[in-house]
Amino acid sequence: MGFTSYMDTALEEARAAAARGEVPVGAVIVRGGAVIARAGNRTRELSDPTAHAEVLALRAACAAAGSERIEGADLYVTLEPCPMCAAAISFARVARLYYGAADPKSGGVAQGARVFAQPQCHHAPEVYDGIGADASAELLRRFFAERRLSP
């Protein structure tokens, strides 16, 4: 059985988030070869600072599973999760995290807080970075460049 990446689906969610005026981050959760949740950022739309793509996808996946844990699930996200999202990923017992672009400013996995490396972290997923990194980073660059040009 070969590896199938769902980063293209996460990028679709990121593009949809950008179209809504949200920071273009998308997340997809897969278990047993099936997409069980997908989301893009909705912090502005919902006036909710926790409405990051990862958190929204985790909420949907856990609701569908009827559990606060989704063991055996894979999470694909276009940007390195922030510390809040990394903690939620740990709490949900996600098996594998695949992310695209690194986030030197706000990342919580390989940058900054490095949540999974802390002794307080009860579960650390397998982490694979750089999946679709160029496309993810370009989407973010374009989004913020357009915002800087707007009056």
Side-chain angles (χ1 to χ4, degrees), residues 2-65 69-70 72-116 123-151:
F3 171 74
T4 301
S5 175
Y6 291 83
M7 191 58 75
D8 285 342
T9 307
L11 283 162
E12 288 174 18
E13 289 293 331
R15 288 185 197 99
R20 292 190 301 272
E22 302 278 357
V23 174
V25 177
V28 176
I29 298 178
V30 178
R31 187 158 65 175
V35 173
I36 59 172
R38 56 190 289 174
N41 274 357
R42 291 185 181 273
T43 59
R44 290 174 179 235
E45 176 185 340
L46 299 176
S47 300
D48 179 354
T50 69
H52 290 197
E54 303 95 308
V55 170
L56 295 174
L58 287 168
R59 288 176 183 163
C62 288
R69 295 182 178 172
I70 48 172
D74 297 338
L75 170 62
Y76 292 81
V77 62
T78 57
L79 181 65
E80 176 184 352
C82 72
M84 173 187 70
C85 292
I89 291 164
S90 175
F91 295 148
R93 303 299 196 266
V94 169
R96 285 163 295 281
L97 167 64
Y98 300 90
Y99 70 85
D103 189 351
K105 182 178 176 187
S106 301
V109 177
Q111 316 287 326
R114 296 186 174 131
V115 171
F116 303 137
H123 168 78
E126 295 174 30
V127 176
Y128 302 91
D129 63 352
I131 309 292
D134 292 342
S136 298
E138 180 56 29
L139 185 58
L140 287 158
R141 270 193 297 276
R142 202 168 44 241
F143 177 83
F144 287 112
E146 289 170 5
R147 295 302 174 278
R148 285 190 291 277
L149 296 175
S150 297

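In this chain, residues are counted from 1 in sequence order. Bear in mind the structure is a predicted one, so any value in this text is a computation, not a measurement.
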Interatomic spacing from OH in Tyr128 to CD in Glu126 - rounded to 0.5 Å:
3.5 Å
Can you give the donor-acceptor pairs under 3.5 Å from side chains of residues 33-42 to other protein atoms, not counting sequence neighbours?
| from | atom 1 | to | atom 2 | distance (Å) |
| --- | --- | --- | --- | --- |
| Arg38 | NE | Glu13 | OE2 | 2.7 |
| Arg38 | NH2 | Glu12 | OE1 | 3.0 |
| Arg38 | NH2 | Glu13 | OE2 | 3.3 |
| Asn41 | OD1 | Ala53 | N | 2.7 |
| Asn41 | ND2 | Val23 | O | 3.1 |
| Arg42 | NH1 | Glu45 | OE1 | 2.5 |
| Arg42 | NH1 | Glu45 | OE2 | 3.1 |

Under 3.5 Å donor-acceptor, Glu80 side chain and Ala110 backbone
yes
How long is the straight-line distance from CE of Met84 back to SG of Cys82, given to the nearest 0.5 Å?
4.5 Å
With side chains defined as the heavy atoms from C-beta onward, is the minimum distance between Val55 and Cys85 less than 4.5 Å?
yes
Any chance the side chains of Thr78 and Arg15 put a donor and an acceptor closer than 3.5 Å?
no
Test the Arg114-Phe116 pair against the cation-pi criterion, namely NZ or CZ under 6.0 angstrom from the six-membered ring centroid and within 45° of the ring axis.
no
Side-chain contact test, heavy atoms from C-beta onward, threshold under 4.5 Å: evaluate it for Val28 versus Leu75 and give yes or no.
no
Does the side chain of Ser90 come within less than 4.5 Å of His123's, by heavy atoms?
yes
What is the distance from atom CG of Leu58 to atom CD1 of Ile29, rounded to the nearest 0.5 Å?
4.0 Å
Could you go through the side-chain contact (heavy atoms from CB on, under 4.5 Å) check for Ile70 and Arg31 one step at a time?
CA-CA 8 Å; Ile70 48 172; Arg31 187 158 65 175; 4.1 Å; yes
Heavy-atom check, side chain of Val77 versus side chain of His52, under 4.5 Å
no
Side chains of Tyr99 and Val127 in contact at under 4.5 Å (non-hydrogen atoms):
yes
For Arg59 versus Thr50, what's the shortest heavy-atom pair and its separation?
NH2-OG1, 3.0 Å
Quick check: are there more than 12 heavy atoms from other residues, nucleotides or ligands sitting under 6.0 Å from CZ of Phe91?
no
Backbone of Thr43 reached by a side-chain donor or acceptor of Glu22 within 3.5 Å
yes
Do Val109 and Leu97 make a side-chain contact, defined as non-hydrogen atoms from C-beta onward lying under 4.5 Å apart?
yes
Indicate yes or no: at least one non-hydrogen side-chain atom of Val30 is less than 4.5 angstrom from one of Tyr76.
yes
For the CZ atom on Arg44, are there more than 12 heavy atoms of other groups (residues, nucleotides or ligands in this structure) within a distance under 6.0 Å?
no
